[in-house]
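Quick notes on the structure that follows.
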Amino acid sequence: WEKLNDIEETLWADQNQKDETMKELKRGGIFSQIEESFKVKERTIKQTKNKDKREKTPTKSFLPRDIAQQFGINLHMFSQYSPEQFVLKVLQCDNEILQNSTALEFFTREDLVNVIQSLRRAFDPYSTDYLSEDGPSKDPAELDRPDRIFLELCYNLQYYWYERSFCLFTLTTYERDYYDFIYRLQKIDDVIQKLRHGTRFKSILYIIVEIGNYMNKRPAEGIKLSSLNKLAFVKSSVDKNTSFLHFLERIIRVKYPDLYGFTDDLSKVEDIGKISLDHLEQECNEFRSKIDEVVRILKEGKLSDHSRLHPKDLIVEKITYKIRRAKVKSDLLQDQFKLINIDLKKLMSHFGEDFNDSEAKNSFFQHFIEFSVNFKKCAKENIEREDSQRVYEQRKNMLESRQRTASNLNSDLQGEEEDAVDVLLAKLRGTEEKPGLVRRRKSTRYTADAAAQTRKHPKKRPIPAGSNGVLFERTQAMLKDTQNI
């Protein structure tokens, strides 16, 4: 660690606490434990290297290059052990081996359990018959590390090497597979119970049927689930962008808000969309077959005769207690699957589907998923369309309001201009008449003059008595008044 030299005014300046801590550690024997656990060992690496260099001799390899590379890749975590130490660990079923599923799966490879004839001829002089204790004619130390491991395990134990590797790999990985199956079966069971006891989706189906019967000439008592996905293809005669499903979504959202959350009930169905019931059933049967095969190998197969096994091999002792647990879980898994099938059959019958039809069984949940997805899509499109229409109406109302305001403002300005003209005329005449009275008098005089002119000249079109006529009359009056001045 990094040392701190200047400890003044720091927490390390408390010498009393240091002394007390030192005394407590001594009384508790902590220092003696430290010496035992972390004592310094003398390094002898140089001597080992010199020995290796002195004894290092060329080795031989008979394995194909790809297999030898696979030994290095899959067993690299055991590279610190010599070939003899590693082989002994495998034979004694050491926990370090049993906990490494990669190595156990590697041992079950086809090219390791079925030795080809050319490799038999190459490894035969180095092999040992562990039953008769006949030694090899050639020293196995001449072989490379991958070849030596292959010789001691795959070749010398070829009588039962496949059965041994298969049992070990199956019993060390079955729990992972078991809990994966149980997890998927539980998800299916949750969906079945949700659909069986849910009321909102059932009400939605009744609404669809009744609306459909109203539209069709021949009413239906019920519909298949596959009919739900056809609703999106029934287009409106008014708007081709609107389907029956769009209409249905709007009706349910507005008129039946308490049923609108039925998509939440179907959310669990979407979680099992990628689970194939036939594939799951096949995997469960394969799982049980593997466990049964391990039981058979242990009771009647090659592992049942202990006299034919390697003297140092502890495979039987290690897997005996594991196989009992595996058999129990295999039976539980089968029982769970049977119960799921029974409940699924009842649910499919509840919705009018045939459980014995393999295609109907595999696509059963898919109908719910597609309907839920399409319904949500229509809901999104409807809401976006309604929002756009709402914005359009707001802008339209705002423009109309602005137009009305501008019209009123123009009227007020026109009135103010007329009042200003009347005031100006009154000042020119030197009178103090009110603008409104002057305006009315002028308008009356103009109307009378216009009537008189009409009588004198009936064919001459009179000047209108509206706002334009009044303005014209006032202009004429202002000119006369100006001439009089």
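All of these numbers come straight from a predicted model, not from anything done at the bench.
- A salt bridge is absent between Glu142 and Lys138; no separation between the charged side-chain nitrogens and carboxylate oxygens falls under 4.0 Å.
- When ring centroids are compared, Phe355 and Phe364 stay outside the 6.0 Å threshold.
- Using a cutoff of 4.0 Å between basic side-chain nitrogens and carboxylate oxygens, Asp190 and Lys187 are not scored as salt-bridged.
- Under the 3.5 Å distance criterion, with hydrogens and angles disregarded, a donor-acceptor pair is assigned to the side chains of Ser61 and Asp147.
- A salt bridge links Asp180 with Arg184: at least one charged nitrogen is closer than 4.0 Å to a carboxylate oxygen.
- In this structure, Arg200 and Asp265 approach most closely via the heavy-atom pair NH2-OD1, 3.0 Å.
- At a threshold of 4.0 Å, the pair Lys376-Glu270 counts as salt-bridged, since one of the basic side-chain nitrogens sits closer than that to a carboxylate oxygen.
- Using cut-offs of 30° and 60° for the angle between ring planes, the Phe181 and Phe287 rings count as perpendicular.
- Between Glu175 and Arg325, at least one side-chain N (NZ, or NE/NH1/NH2) sits under 4.0 Å from a carboxylate O, which counts as a salt bridge.
- Residue Pro146 is tested with Leu151, Ile67, Leu63 for a side chain to side chain contact (heavy atoms under 4.5 Å, CB included); the sole match is Leu63.
- The distance between the ring centers of Tyr126 and Tyr155 does not fall below 6.0 angstrom.
- Salt bridge Glu84/Lys89: absent, no basic N to carboxylate O contact under 4.0 Å.
- Checked against a 6.0 Å centroid threshold, the rings of Trp161 and Phe107 count as neighbours.
- The shortest heavy-atom contact between Asn362 and Ser276 is OD1-OG, 4.3 Å.
- The aromatic rings of Phe123 and Phe150 sit tilted, their planes meeting at an angle between 30° and 60°.
- Shown here for Asn74 and Met77, the closest heavy-atom pair between the two residues is O-SD, 3.3 Å.
- His246 and Ser243 share a donor-acceptor pair across their side chains, judged by distance under 3.5 Å alone.
- Within a 6.0 Å radius of NZ in Lys235, other residues, nucleotides and ligands contribute more than 12 heavy atoms.
- For Lys327 and Asp292, the salt-bridge test passes: some basic side-chain N is under 4.0 Å from an acidic carboxylate O.
- A donor-acceptor pair is defined here as one N or O able to donate and one able to accept, closer than 3.5 Å; no such pair exists between the side chain of Thr128 and the backbone of Gly135.
- One side chain, Glu96 or Tyr81, offers a donor N or O that lies under 3.5 Å from an acceptor on the other.
- Dense packing is recorded around CZ of Phe201, with more than 12 heavy atoms of other residues, nucleotides or ligands lying under 6.0 Å away.
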Given side chain to side chain contact (heavy atoms under 4.5 Å, CB included), test Lys290 with Tyr174 step by step and report yes or no. CA-CA 9 Å; Lys290 287 182 179 180; Tyr174 81 93; over 6 Å; no

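- For the residue pair Asp278 / Gln282, no side-chain donor-acceptor distance below 3.5 Å is found, with atom types taken as modelled.
- A salt bridge is absent between Lys396 and Glu393: the closest approach of a Lys/Arg side-chain nitrogen to an acidic carboxylate oxygen does not fall below 4.0 angstrom.
- Side-chain atoms of Lys255 and Tyr260 form no donor-acceptor pair, as typed in the model, at a separation below 3.5 Å.
- Using cut-offs of 30° and 60° on the angle between ring planes, the pair Phe375 and Phe262 is perpendicular.
- The residues Glu386 and Arg253 are annotated as salt-bridged, a charged nitrogen and a carboxylate oxygen being separated by less than 4.0 angstrom.
- Residues Arg109 and Ser165 bring no donor and acceptor atom of their side chains to less than 3.5 Å of each other.
- In the model, Asp313 has a side-chain atom that pairs as donor or acceptor with a side-chain atom of Tyr160 under 3.5 Å.
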